[in-house]
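Report on one structure; see the data block that follows.
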There are 2 protein chains.
Amino acid sequence: MTACDDRPTDPRVLRSRAKMIDAATDLLIEAGPRAVTVDAVSERSGVAKSTLYRHWDSREGLLVDVMRANVPDIDPAPDGLGFEASIRHVVTELAAMFSSPRWRGILPALMMLQQHQPELAEIAHADHQGKRQILDAVLQLGVAEGRLPADIDEELVARQLIGPIFFAVLTAHPDDDAAVDRTVEFVLERFFASYPG
Amino acid sequence: MTACDDRPTDPRVLRSRAKMIDAATDLLIEAGPRAVTVDAVSERSGVAKSTLYRHWDSREGLLVDVMRANVPDIDPAPDGLGFEASIRHVVTELAAMFSSPRWRGILPALMMLQQHQPELAEIAHADHQGKRQILDAVLQLGVAEGRLPADIDEELVARQLIGPIFFAVLTAHPDDDAAVDRTVEFVLERFFASYPG
DNA sequence: CGGAAACGATACGAAACAGTATCGTAGCGA
DNA sequence: TCGCTACGATACTGTTTCGTATCGTTTCCG
């Protein structure tokens, strides 16, 4: 008997929960958080409203789990790849994450809602930290290889690498996917130019 | 008799309009766009609901004008300042804009709402273009001074300069104002390092 | 197979919200 | 001062939305 095994294993629970989160996610992407109403989620998912309230005690709670379920993961850089290839890998991975239509549709809502909902702010912050950890590992690899100064400020470098891509995604027209690719190339080019090997 | 002088000059119109936009702005900043309801704006502003519908034909229209009224202006770089001082000026100005509590409270809402409201997307785009024009002028000054290559891609450089600041504002904790300042310094430092004079 | 738990369907209440309508009042400008 | 226009107050309709309650049915799991 394992401790803390309070995860639901009943397939009925998992099924209905997944259906509702999927429906809510679709609504969120299609028409924004305003469209994620209890009735709309119930209708779209085919799950009864009463069931929804058996899983969450309010609409807010559902929205929190919708965000949690959609925060994307990225692959950390494989071991033994070397600094330059590793950082290329991570930045490219991050750019792909930001460019994915799914996350593009959700991220702005998360950025806004987190302002007035501490629970969502935590999710956003945890996501941020998770990605930072992966990037920091690569930067430390750069230090170990003597390519980066030992006293490098990882936070500032992270902003320098991710900021332009983040900015491009939130401002560029949705059809202009090439913009992000160009930005990635430019960012990396300038990064290596300023920390020459 | 000037043509196209259809701007309302009646002080009553200007007064009530300003009151409503102010109230709506406060609500938007305090609790997000969901809180900007017709009744709430009416109550908070002290202006009757019927008057609100004399000015706008829907809640959406009001929200559009709220955004329009709050898009911040920045000072363009003064003439004769030279390239390096000019770009410092513009980037600092942009950072101050992003850091202002007012715009910090509104920008995320604009970023989100623009996804499903073309009118707001236009406002965001026009704002972006306006700032870009100011920055581009400074970059062209750099080209004229021989500090930047003539074939410089202004869009990419703009993202490089603004992206990290934008990112810092939307992710950093609201109380950490110093983070933006550090980012500005770092961005400029690296910019001048990679385009040495 | 049989009990327990989850689900579906639906109805319901209360409040919020958008938008309309009416009418008397107040303020502006000519 | 006088007419026109904007405004305030308020009531009202219809819809949306949240959240609760009930009860018969299905589904899982031991």
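Lettering of chains follows the sequences in order, A, B, ..., and the numbering in each one begins at 1.
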Of the listed nucleotides ([options]), which one gets closest to any side-chain atom of [X]?
| X | options | value |
| --- | --- | --- |
| B:Thr37 | C:dA18, D:dG8, D:dA6 | C:dA18 |
| A:Tyr53 | C:dG19, D:dC28, D:dG19 | D:dG19 |
| B:Arg15 | C:dA6, D:dC28, C:dG27 | C:dG27 |
| A:Arg59 | D:dC18, C:dC7, D:dC28 | D:dC18 |

From [atom1] of [X] over to [atom2] of [N], roughly how many Å is that when rounded to an integer?
| X | N | atom1 | atom2 | answer |
| --- | --- | --- | --- | --- |
| A:Glu43 | C:dT10 | CD | C1' | 14 Å |
| B:Asp10 | D:dT5 | CG | P | 11 Å |
| A:Trp56 | C:dC7 | CH2 | P | 10 Å |

### Ring centres under 6.0 angstrom apart (A:Phe166, A:Phe98)
yes
Would you say a side-chain N or O of [X] is under 4.0 Å from OP1 or OP2 of [N]?
| X | N | value |
| --- | --- | --- |
| B:His55 | D:dC7 | yes |
| B:Thr51 | D:dA6 | no |
| B:Arg12 | D:dC7 | no |

### Task
Return the 5'-most residue of the pair A:Val47, B:Arg34 with respect to DNA chain C, ranking by each residue's nearest nucleotide.
A:Val47
### Query
Nearest 0.5 Å, what's the CD-OG1 distance between A:Gln129 and B:Thr171?
9.5 Å
### Message
Donor-acceptor check, side chain of B:Ser42 to backbone of B:Val38, threshold 3.5 angstrom: yes or no?
### Response
no
### Message
Please verify the inter-ring angle class for B:Phe83 with B:Phe192; under 30° counts as parallel, over 60° as perpendicular, anything in between as tilted.
### Response
perpendicular
### Task
Confirm from the modelled atom types if B:Arg54 and D:dG8 form a donor-acceptor pair under 3.5 Å, side chain to base only.
yes
### Query
When you match B:Lys49 and B:Lys19 each to their closest nucleotide on DNA chain D, which lands nearer the 5' end?
B:Lys19
### Message
Taking the nucleotide of DNA chain D with the nearest heavy atom to each, does A:Asp39 or A:Ser50 sit closer to the 5' end?
### Response
A:Asp39
